[in-house]
Amino acid sequence: MDVEDSQLSTGEIEAMARRIDRPVVLVGMMGVGKSSVGKRLASLFHWPFVDADDEIERAAQMSIPEIFATHGEAYFRDGERRVIARLIQQDGDNGAGAKRIIATGGGAFVNPETRSLILERAIAVWLDSDIDTLLERTARKDNRPLLQQGDPRETLSRLRDERREAYAQAPIHVVSGSGPHGRTIAKVLQGIGQWL
């Protein structure tokens with residue numbers, strides 16, 4: 001992403017990053033672009049990017065579909081909660097919360113304990129999209145256990161409706177459309193600037 005897409009100068013983005021004293025955690029439905037946006041935001045801030053799903057797979061030494069198939073969703077959610085807590089609570093160099101961008105799985109923020117920790121110790125950004133965009137993006141990968149059964153459109157619509165109330169508790173809400181992620185990142189930066 002070009003810095004011009006953000007409508008902020010490099011200096012303004014770096015100044016914003018210095019003012020933040022906690023992780024930025026991206027929440028929202030699968031396929032909304034948390035990892036793509038997170039990597040680009042981390043690059044702009046010169047912070048590390050962490051995908052919670054990758055960390056869960058590393059800790060379990062299994063893929064997420066394997067965890068679901070072998071142990072079930074409840075086991076996965078418990079591991080997800082513990083991994084996200086570890087990522088948020090790891091201290092940075094100055095003893096404050098580590099400065100990093102964390103992309104969470106779609107259901108992570110629905111867990112009350114995980115949501116409470118994120119809201120208390122991080123900056124939560126809800127990335128939101130319409131169902132057509134989510135359907136198109138999730139069709140690119142076959143590693144989404146919750147979409148393996150039934151009609152993906154119906155599943156995504158149901159999950160989005162069920163999770164909306166939890167997601168809405170994030171202080172920053174950004175709609176991610178089907179266009180370039182640069183527009184979404186500009187909105188995220190604007191939201192973080194207002195939050196600060």
Side-chain angles (χ1 to χ4, degrees), residues 22-45 47-90 97-119 121-129 131 133-150 152 155-156 158-160 162-164 166-167 169-170 172-174 176 181 184-185 188:
R22 60 191 64 203
V24 173
V25 179
L26 304 177
V27 304
M29 289 290 294
M30 65 182 97
V32 79
K34 297 180 299 285
S35 294
S36 299
V37 168
K39 287 174 187 172
R40 293 177 184 171
L41 189 60
S43 175
L44 287 173
F45 280 0
W47 289 6
F49 169 77
V50 183
D51 187 309
D53 284 349
D54 291 346
E55 293 296 312
I56 292 162
E57 289 182 338
R58 192 175 356 273
Q61 297 183 344
M62 302 172 87
S63 70
I64 289 173
E66 289 171 335
I67 297 169
F68 267 75
T70 305
H71 301 289
E73 185 175 359
Y75 178 90
F76 170 78
R77 295 296 174 203
D78 183 57
E80 178 179 60
R81 178 188 52 74
R82 287 184 277 119
V83 165
I84 291 172
R86 175 177 52 82
L87 292 173
I88 289 175
Q89 294 173 340
Q90 283 177 336
K99 292 184 174 192
R100 62 173 53 102
I101 307 296
I102 303 170
T104 62
F109 203 64
V110 177
N111 177 292
E113 197 175 333
T114 302
R115 184 171 63 250
S116 176
L117 180 67
I118 292 170
L119 290 172
R121 303 274 311 264
I123 301 173
V125 178
W126 170 24
L127 295 183
D128 194 8
S129 277
I131 294 300
T133 300
L134 295 176
L135 195 60
E136 187 268 320
R137 289 179 180 168
T138 57
R140 298 176 193 164
K141 295 182 180 178
D142 63 356
N143 65 341
R144 313 231 187 229
L146 296 178
L147 296 182
Q148 299 303 314
Q149 309 278 326
T155 301
L156 285 168
R158 178 180 48 79
L159 288 172
R160 188 167 179 258
E162 290 171 359
R163 295 172 175 177
R164 182 184 310 272
Y167 292 153
Q169 293 180 44
I172 301 169
H173 178 202
V174 171
S176 173
H181 283 309
T184 302
I185 293 164
V188 170

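All values derive from a computational prediction rather than experimental measurement.
- For E113, the CD atom is loosely surrounded, since the number of other residues' heavy atoms within 6.0 Å does not exceed 12.
- Contact of the I64 side chain with the E57 side chain is registered, since non-hydrogen atoms from C-beta on lie closer than 4.5 Å.
- Under the side chain to side chain contact (heavy atoms under 4.5 Å, CB included) test applied with I102, the options I118, V83, L26, L87 reduce to a single match, L87.
- For H71, there are no side-chain hydrogen bond (donor to acceptor under 3.5 Å, both in side chains) partners at least two apart in sequence or on another chain.
- Taking each heavy atom of W47 and R100 in turn, the nearest pair found is CE3-N, 3.3 Å.
- In plain terms, the two heavy atoms of R81 and T114 that are nearest each other are CG-OG1, 3.2 Å.
- Side-chain contact check for M30 versus L156: some heavy-atom pair is nearer than 4.5 Å.
- Not a single side-chain hydrogen bond (donor to acceptor under 3.5 Å, both in side chains) links S36 to another residue, sequence neighbours left out.
- Between the side chain of R160 and the backbone N or O of S129 there is at least one donor-acceptor pair closer than 3.5 Å.
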Subject >> Worked check of side-chain contact (heavy atoms from CB on, under 4.5 Å) between V110 and E162 >> reply: CA-CA 9 Å; V110 177; E162 290 171 359; over 6 Å; no
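- When I101, V27, V37, I172 are each tested for a side chain to side chain contact (heavy atoms under 4.5 Å, CB included) with V125, only one passes: I172.
- No side-chain heavy atom of F68 sits less than 4.5 Å from a side-chain heavy atom of M62.
- The pair R58-D54 does not count as a salt bridge, with every side-chain nitrogen at least 4.0 angstrom from each carboxylate oxygen.
- Heavy-atom minimum distance, P152 versus L135: CB-CD1, 3.7 Å.
- The minimum heavy-atom distance between S176 and T184, with the atom names listed, is OG-OG1, 3.4 Å.
- Here the options are D53, D51, T104, the test is side-chain hydrogen bond (donor to acceptor under 3.5 Å, both in side chains), and the partner is S35; only D51 passes.
- Heavy-atom minimum distance, G38 versus F49: C-CD1, 3.4 Å.
- The closest side-chain heavy-atom distance from N111 to E80 is not below 4.5 Å.
- At distances below 3.5 Å, at least one donor-acceptor pair connects side-chain atoms of K34 with backbone N or O atoms of M29.
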Original post:
Can V188 and L127 be said to form a side-chain contact (heavy atoms from CB on, under 4.5 Å), step by step?
Top reply: CA-CA 9 Å; V188 170; L127 295 183; 3.9 Å; yes
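- Below 30°, between 30° and 60°, or above 60°: for F109 and Y167 the angle between ring planes is below 30°, a parallel geometry.
- Between R77 and A108, the shortest heavy-atom contact is NH1-N, 4.0 Å.
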